[in-house]
Amino acid sequence: MAAIEQNLNLARYQIVPRVLVFVWRGELLLLLKIKGKGRWDGRYNGLGGHIERGETPIEAAYRELMEESGLQADLRLVGTLLIDTGENPGIGLFIFSGEARPGQLVPSDEGDLAWILPGDVEHLPLLDDVPILLRRIREMRFGNEPFSARSFYDADGNLQIVFSA
């Protein structure tokens, strides 16, 4: 259906679609130490990026994982996060998690890849939302529905993530 038929109003809130991927190998979690991305430089995140036109979120997750690590994984959608940037556009984040298939990591232009033990994750300089999202993902059990949440920074500059019931 054409944009004009969708009753789009550009004054309304808009989002850019992205994916975030957390991959495990047993208890080890694959994280990316970001390089060359301004205020994110030197901080750790999962892998991911933009959803390209014509891709589904899961296709983008598989592509980003391959591009940034050389790995494949059995992924599942674990949640969605609407990131309110305070202006247009915001970010619509599709979050995937799964077990990595056998294979070797390939270097990434995005940063340095590392397999991290669970107890070491909390001591790393993570992006603000990563520890909250990881905690939620680790609490999930097989068969749980994906979570839905929104995030924003309050007036004091503190990250808030509100999960829907």
Side-chain angles (χ1 to χ4, degrees), residues 15-52 55-87 89-101 103-140 144 146-154 157-164:
I15 60 171
V16 173
R18 292 187 183 164
V19 295
L20 178 61
V21 181
F22 292 109
V23 175
W24 277 266
R25 214 175 240 159
E27 285 297 311
L28 296 174
L29 172 64
L30 181 61
L31 292 177
L32 177 76
K33 184 176 182 183
I34 301 166
K35 64 180 176 187
K37 299 263 181 158
R39 65 180 276 224
W40 291 6
D41 193 52
R43 297 178 79 186
Y44 287 82
N45 195 13
L47 287 71
H50 289 87
I51 298 173
E52 303 296 340
E55 283 184 316
T56 64
I58 189 72
E59 290 169 338
Y62 287 131
R63 177 185 52 77
E64 289 286 349
L65 178 61
M66 178 57 75
E67 287 177 2
E68 294 183 4
S69 72
L71 296 179
Q72 295 181 338
D74 298 311
L75 300 176
R76 68 181 182 98
L77 179 70
V78 293
T80 59
L81 179 64
L82 182 61
I83 301 170
D84 187 345
T85 62
E87 56 190 54
I91 306 296
L93 192 60
F94 295 84
I95 305 164
F96 294 88
S97 181
E99 184 73 15
R101 295 181 187 155
Q104 295 296 315
L105 291 176
V106 298
S108 173
D109 292 337
E110 299 289 326
D112 298 321
L113 296 163
W115 290 106
I116 309 293
L117 288 167
D120 295 338
V121 171
E122 62 193 49
H123 304 294
L124 297 174
L126 302 167
L127 291 187
D128 295 345
D129 58 357
V130 170
I132 300 165
L133 296 173
L134 284 174
R135 190 174 321 112
R136 182 69 179 233
I137 292 166
R138 295 296 280 198
E139 291 171 355
M140 295 177 84
N144 286 153
F147 63 79
S148 179
R150 70 180 184 93
S151 70
F152 59 94
Y153 285 89
D154 64 21
N158 299 309
L159 176 67
Q160 303 293 318
I161 298 182
V162 179
F163 293 89
S164 298

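Predicted model, so just to flag it, every value in this text is computed and none were measured.
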Look only at the side chain of Asp41 and the backbone of Gly36, and say whether a donor-acceptor pair between them is shorter than 3.5 Å.
yes

So, for Val23 and Trp115, which heavy atoms are closest and what is the spacing to 0.1 Å?
O-CZ3, 3.8 Å

Looking only at heavy atoms, which two atoms of Leu71 and Ala100 are closest? And how far apart?
CD1-CB, 4.3 Å

Counterpart residues, side chain to side chain contact (heavy atoms under 4.5 Å, CB included), relative to Glu68 (two or more places apart)
Leu32, Leu47, Glu64, Ser108, Glu110

Taking salt bridge (charged side-chain N to carboxylate O under 4.0 Å, His left out) as the test, write out the residues that go with Glu59, two or more places apart.
none

For residues 124-136, which side-chain N or O atoms pair as donor and acceptor with protein atoms under 3.5 Å away, sequence neighbours left out?
unit_1 : atom_1 : unit_2 : atom_2 : d
Asp128 : OD1    : Arg43  : NH2    : 2.6
Asp128 : OD2    : Tyr153 : OH     : 2.6

Distance, nearest 0.5 Å, that separates CG of Leu20 from OG1 of Thr80
12.0 Å

Under the side-chain hydrogen bond (donor to acceptor under 3.5 Å, both in side chains) test, residues paired with Asp154 that sit two or more places apart:
Gln160

Would you please test Leu28 and Leu117 for side chain to side chain contact (heavy atoms under 4.5 Å, CB included) and show each step?
CA-CA 5 Å; Leu28 296 174; Leu117 288 167; 3.4 Å; yes

For a quick test of reading the model, state the closest non-hydrogen atom pair linking Gly98 to Leu75 and the distance between them.
N-CD2, 3.9 Å

Within this structure, what is the CG-OG distance for the pair Leu31 and Ser69, rounded to the nearest 0.5 Å?
12.0 Å

Pairing residues for Arg150 by the side-chain hydrogen bond (donor to acceptor under 3.5 Å, both in side chains) criterion, not counting sequence neighbours
none

Which residues share a side-chain hydrogen bond (donor to acceptor under 3.5 Å, both in side chains) with Glu52, sequence neighbours left out:
none

With sequence neighbours left out, what residues match Arg76 under salt bridge (charged side-chain N to carboxylate O under 4.0 Å, His left out)?
none

To the closest 0.5 Å, what do you measure between CG (Leu30) and CZ (Arg25)?
8.5 Å

Kindly give the heavy-atom pair with the smallest separation between Glu27 and Arg138, and that separation in Å.
OE1-NH2, 2.9 Å

In terms of heavy-atom contacts, His50 and Ala60 come closest through O-CB, 4.4 Å

Set of side chain to side chain contact (heavy atoms under 4.5 Å, CB included) partners for Met66, sequence neighbours left out:
Gln72

Can you check side chain to side chain contact (heavy atoms under 4.5 Å, CB included) on Phe147 and Ile95, steps first, answer last?
CA-CA 9 Å; Phe147 63 79; Ile95 305 164; 3.8 Å; yes

Going by the rule side chain to side chain contact (heavy atoms under 4.5 Å, CB included), which residues pair with Leu77 if we only count those two or more places apart in sequence or in a different chain?
Phe94, Phe96, Pro146

Using the test salt bridge (charged side-chain N to carboxylate O under 4.0 Å, His left out), find all partners of Glu139 that sit at least two apart in sequence or belong to another chain.
none

How many angstroms lie between atom CG of Asn45 and atom CD1 of Ile34, to the nearest 0.5 angstrom?
5.0 Å

Could I get the full list of side-chain hydrogen bond (donor to acceptor under 3.5 Å, both in side chains) partners for Glu99, not counting sequence neighbours?
none

Results of side chain to side chain contact (heavy atoms under 4.5 Å, CB included) for Asp74 - residues two or more places apart only
Arg101

What's the spacing between Trp24 CH2 and Ile137 CD1 if we round to 0.5 Å?
5.0 Å

Identified side chain to side chain contact (heavy atoms under 4.5 Å, CB included) counterpart of Arg18 within the set Ile83, Leu81, Ile91
Ile91

Quick check: closest heavy atoms across Pro89 and Thr85, and the distance to 0.1 Å?
O-OG1, 3.0 Å

